[in-house]
*Asks:* 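Okay, here's the structure, questions in a sec.
A note on names: the letters A, B, ... follow the listed sequences, proteins ahead of strands, and every chain is numbered from 1.
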There are 2 protein chains.
Amino acid sequence: MRTNQTFSCPIEAATSFIGGKYKTIILWHLVNETLRFSELQRAVPKATPKMLTQQLRELEADGLIRRVVYPVVPPKTEYSLTTLGESLIPILEGLRNWGAYYFDERGIPNPCIDGNQ
Amino acid sequence: MRTNQTFSCPIEAATSFIGGKYKTIILWHLVNETLRFSELQRAVPKATPKMLTQQLRELEADGLIRRVVYPVVPPKTEYSLTTLGESLIPILEGLRNWGAYYFDERGIPNPCIDGNQ
DNA sequence: CGGCATCCAATTAGATACTG
DNA sequence: CAGTATCTAATTGGATGCCG
């Protein structure tokens, strides 16, 4: 694991994995899809390359995503969910549905434009 | 709402509500229970009074919790979930189950001691 | 009891430039 | 393309003291 801190409850443990600033969005975009770094940048435009790299490294250290580097020129790196990462999908779907419900309730148009929602 | 920022997807909106440092733990402790400030302090000992107040104010501004102040001496304040806050319970349960599963997989004893788990 | 005000230390995040 | 390095700006969080 990334840290060897102790948690006082399972909720705290879970949020230590997905509580990072862009982690849920990153994971969500990797559901059923392998993406390259530049594709993730486009998917999460608010994250600077530095931030994106940092979050990806933590997700990798926590065993939620897999990073595969191809030794080619120009460089190519692919990110995808591990089995542990896939076990979070129900929670990610719950967050998505809650957010969409919240938008609907207020008549706010869902701003998602990509097919992955 | 607390902020009038725009979100690029429902996941982002949802995490803006529960992404705060102690928010999921606070909400979890309020499931089926009304707690006073000092009880929440005991439930979330890692949060200083200042931090706890801040998180509670944001949760209140977002409409997830209700704050009832009784004009008595000594002061008494009670916090509880609103209907919107209760709609998050499935997600909170998902987080708890994922965390507990993660503990089990590694043979780490579940550190929860309170009945609310 | 349930906070708030203030000050300060520490952490985080953005901007920019650069590289294999 | 996929980052890293450096510097700086902004934010966060802790400690302390005080109050109705």
*Asks:* Could you state the interatomic distance from CG (A:L59) to OG1 (A:T82), rounded to the nearest 0.5 Å?
*Replies:* 9.5 Å
*Asks:* Base, sugar-phosphate or nothing for A:Y79? Non-hydrogen atoms, less than 4.0 Å.
*Replies:*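 Sugar-phosphate only.
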*Asks:* Assuming nearest nucleotide by heavy-atom distance, tell me which of A:T53 and A:P75 is located more 5' along DNA chain D.
*Replies:*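 Final value for this comparison: A:P75.
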*Asks:* Provide the start and end nucleotides, 5' to 3', of the part of DNA chain C that has atoms under 4.0 Å from heavy atoms of chain A.
*Replies:*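 First and last nucleotides in contact are C:dA13 to C:dG20.
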*Asks:* Of all heavy-atom pairs between A:V31 and A:L92, which one has the smallest distance, and what is that distance?
*Replies:* CG2-CD1, 4.2 Å
*Asks:* On the nucleotide D:dG13, are OP1 or OP2 found under 4.0 Å from the side-chain N or O atoms that B:Y22 carries?
*Replies:* no
*Asks:* Quick one: A:M51 CE to D:dA10 P, roughly how many Å, whole number?
*Replies:* 17 Å
*Asks:* Please state how far atom CD in A:Q54 lies from atom C1' in D:dT4, giving the value in whole angstrom units.
*Replies:* 13 Å
*Asks:* Show the nearest heavy-atom pair for residues A:I91 and B:G94, with the distance to one decimal.
*Replies:* CD1-O, 3.4 Å
*Asks:* Could you check whether the rings of A:F17 and B:W98 sit parallel, tilted or perpendicular, using 30° and 60° as the cut-offs?
*Replies:*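 A:F17 vs B:W98 ring planes: perpendicular.
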*Asks:* How many Å lie between CG on A:L40 and P on D:dC1, as a whole number?
*Replies:*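 It works out to 14 Å between those atoms.
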*Asks:* Going by atom types alone, do B:S80 and B:R66 pair a side-chain donor with an acceptor below 3.5 Å?
*Replies:* yes
*Asks:* Would you tell me if any nitrogen or oxygen in the side chain of A:R57 comes within less than 4.0 Å of OP1 or OP2 on D:dT4?
*Replies:*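 Looking at the OP1 and OP2 atoms of D:dT4, one of them is under 4.0 Å from a side-chain N or O of A:R57.
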*Asks:* If you look at every heavy atom in B:H29 and B:V44, which pair is closest and at what distance?
*Replies:*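 Looks like CD2-CG2, 4.4 Å.
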*Asks:* What is the minimum heavy-atom distance between B:P10 and A:R96, and which atoms define it?
*Replies:* CB-O, 3.4 Å
*Asks:* Is there a side-chain polar atom (N or O) of A:R67 under 4.0 Å from OP1 or OP2 of D:dG3?
*Replies:*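 Checking A:R67 against D:dG3: at least one side-chain N or O falls below 4.0 Å of OP1 or OP2.
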*Asks:* Taking for each residue the nucleotide of DNA chain C bearing the nearest heavy atom, is the 5' side occupied by A:A47 or by B:P49?
*Replies:*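 Closer to the 5' end of DNA chain C: B:P49.
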*Asks:* Strictly below 4.0 Å: does A:R36 bring a side-chain N or O up to OP1 or OP2 of D:dA2?
*Replies:*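 Yes, because at least one side-chain N or O of A:R36 sits under 4.0 Å from OP1 or OP2 of D:dA2.
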*Asks:* Has the side chain of A:K50 got a donor or acceptor atom sitting under 3.5 Å from an opposite partner on the base of D:dG3?
*Replies:* no
